[in-house]
> 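Below you'll find the structure I mean.
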Amino acid sequence: MEAIVLAGGFGTRLRPCVDDLPKPLAPIGSKPFICYILDYLYSNGVHRVIISTGYLAEMIEKSIGNRYRGMTVEYSREDTPLGTGGGIKKAIKMCTEENIIAVNGDSFFDVDLFEMRKNHIDSGCAVTLAAKFIKNAYRSGLLEFSGGKLRGFLENGIAPSGYINGGVYFINRRFLENIEEDKFSFENKILANSDYNIGVFESDGYFIDIGIPESYKLAEEKKENLISTRKRCAVFVDRDGTINKDTVHLYKKEDFEFLPNADKAILSLKEKGYLVIVITNQAGIAKGLYGTEDVDVLHGYIDSILTEKHSVVMDGYYYCPHHPNATVEEYRAECECRKPNAGLIIKAVEDFAKIGIEIDLSKSYTIGNRMSDVLAGINAGTGQNILVGTDETDENNSASAVYGSIYEAANNIKQVF
């Protein structure tokens, strides 16, 4: 999934608290508020983010950079304020998918985006907004809707409780591209127009808007609520001989070459909602042929190719530097991380749990060109363990399936959402 984060506002009401920062960079605990939003998007299956910037744009771009966890990050800068609608319209031109998420950069709403996406597509609506029920609604504009469709807005103070717009949207890209204006309010031009087919998705997820000092202080006090916990499915992929040509002890980036369509397979798996995590034995480290820093540089290079070609990156790289007959004493070991042992996969599961992502191994895949890859998946408990592009024989029928390449395997893996 692709998402737009609206981060171009001036944040006038919050100036007493963060006068020298754009509002999305307002610190909550040890990190900027926008990082909680990016964490939320990542845990909910987003693989590419466009941040719409304006006020103090350089500070946001420098703070976040071009990658955040397993997401690529790009920027759509407003030279002059375009309004919320204009900002989304400009940013959405950079997107490639049919239905795009848009979220406010100064509010957090823990909506299940997998469920919301399904609701949006099934409804056929041009736009679907996420609605949050609040009890003290006298200062808020409430939504009027029925049958999952927006009918209008109630004036402030009419009712003591009701549903508000939570600032999370799914938007049909072609619909917004057909709007003639380039500068407009999304709320007034789109949501308030009864001629448009606007859906409403109700969610009881945690919601907070940091737009005023009181709510900003509350966000700091309740920062544990800004962590979105989701179950995700993963594809654990071997490296040499699975996604790239095996040159034996590969470590130089100039020797790296994707196998035919392997990069497209990675893109396909990301678009289908999977985490794509590399697990690889690197005995060359134990043999003193290259160091861990060489492996890290190579993996960075792989991501740079994926970013340039497809605007995606791997979600993680895990490698075993050990070997029982290592020449480098530091790495001489019978370890749990060397495939066919399950240590690399288990470590990945533990690491992702720390950021709120619970990997459901029973619905995950392991793909490799050696039986040791298949057995690593079986030992870890991945539900499907696929052998690709190899002349190794599966004498015990251990593999769930056998394909000619990772590209063929990816084409046969169903979409998560």
> Give a yes or no on whether the backbone of E115 and the side-chain of N119 come within a donor-acceptor separation of less than 3.5 Å.
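Flag not set: sc N119 to bb E115 has no pair under 3.5 Å.
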> When you check the gap from the basic side-chain N to the acidic O, do R48 and E97 get nearer than 4.0 Å?
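Here R48 does not pair with E97 in a salt bridge, since their nearest N and O are not under 4.0 Å apart.
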> Scan D351, D39, D315, D303 and name whichever one has a salt bridge (Lys or Arg N to Asp or Glu O under 4.0 Å) with R69.
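So the option named by the test is D39.
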> Kindly compute the distance separating CD1 (I50) from CD1 (I100), expressed to the nearest 0.5 Å.
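So the gap between those two atoms works out to 8.5 Å.
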> With a sphere of 6.0 Å drawn around NZ of K253, does it hold more than 12 non-hydrogen atoms of other residues, nucleotides or ligands?
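12 or below, so no.
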> For the ring pair F175 and Y196, is the centre-to-centre distance below 6.0 Å?
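Judged by ring-centre distance (under 6.0 Å), F175 and Y196 do meet the cut-off.
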> Any salt bridge between E98 and R174, counting N to O under 4.0 Å?
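Between R174 and E98 there is a salt bridge, with a charged N closer than 4.0 Å to a carboxylate O.
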> Below 4.0 angstrom, N of the basic side chain to O of the carboxylate: do D182 and K90 qualify?
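Salt bridge: no.
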> Distance check, rounded to the nearest 0.5 Å: F184 atom CZ versus I190 atom CD1?
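Taking CZ in F184 and CD1 in I190, the distance rounds to 5.0 Å.
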> Answer yes when R230 and D110 have at least one side-chain N-carboxylate O distance shorter than 4.0 Å, and no when they do not.
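Yes.
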> Checking Y40 side chain against V111 main chain: does a donor-acceptor pair fall under 3.5 Å?
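Yes; at least one donor-acceptor contact below 3.5 Å.
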> For a ring pair (Phe, Tyr, Trp, His ring centres under 6.0 Å) with H120, tell me which candidate from F201, F170, F114 qualifies.
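With H120 as partner, ring pair (Phe, Tyr, Trp, His ring centres under 6.0 Å) holds for just one option, F170.
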> Is a side-chain N or O of Y163 found less than 3.5 angstrom from the main chain of F145, in a donor-acceptor match?
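Looks like no, no N/O pair under 3.5 Å.
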> Are a donor atom and an acceptor atom from the side chains of T390 and R370 found within less than 3.5 Å of each other?
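Short answer, yes.
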> Should we count CD of E334 as having more than 12 external heavy atoms under 6.0 Å?
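No, because the 6.0 Å sphere around CD of E334 holds 12 heavy atoms or fewer from other groups.
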> Atom SG in C233, atom NZ in K272: separation rounded to 0.5 Å?
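Nearest 0.5 Å value for the SG-NZ distance: 13.0 Å.
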> For a 4.5 angstrom cut-off between non-hydrogen side-chain atoms, does Y36 reach N225?
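No - every pair of side-chain heavy atoms lies 4.5 Å or more apart.
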> Within 45 degrees of the ring normal and closer than 6.0 Å to the centroid, is that where the cationic atom of K23 sits relative to F33?
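Cation-pi check for K23 and F33: fails.
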> Is the shortest side-chain N to carboxylate O distance from E180 to K89 below 4.0 Å?
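No, this pair does not count.
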> Write out all pairs satisfying ring-ring contact (aromatic ring centres under 6.0 Å, His included) with one or both partners inside residues 366-385, taking only residues at least two apart or from two chains.
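Non-adjacent pairs meeting ring-ring contact (aromatic ring centres under 6.0 Å, His included): zero.
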> Spell out, as yes or no, whether a donor-acceptor pair under 3.5 Å connects the side chain of H322 to the backbone of Y331.
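Between the backbone of Y331 and the side chain of H322 there is no qualifying donor-acceptor contact (under 3.5 Å).
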> If you measure from the Lys or Arg side-chain nitrogens to the Asp or Glu carboxylate oxygens, is any gap between R173 and E177 under 4.0 Å?
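A salt bridge links R173 with E177.
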> Compare all side-chain heavy atoms of R232 with those of S43 and state whether any distance is below 4.5 angstrom.
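Result no, sub-4.5 Å side-chain heavy-atom pair not found.
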> Please check this pair: side chain of S364 against backbone of D360, looking for a donor-acceptor N/O pair closer than 3.5 Å.
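Present.
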> Check the pair L113 / V168 against side chain to side chain contact (heavy atoms under 4.5 Å, CB included), numbers first and verdict last.
CA-CA 9 Å; L113 294 179; V168 176; 4.0 Å; yes
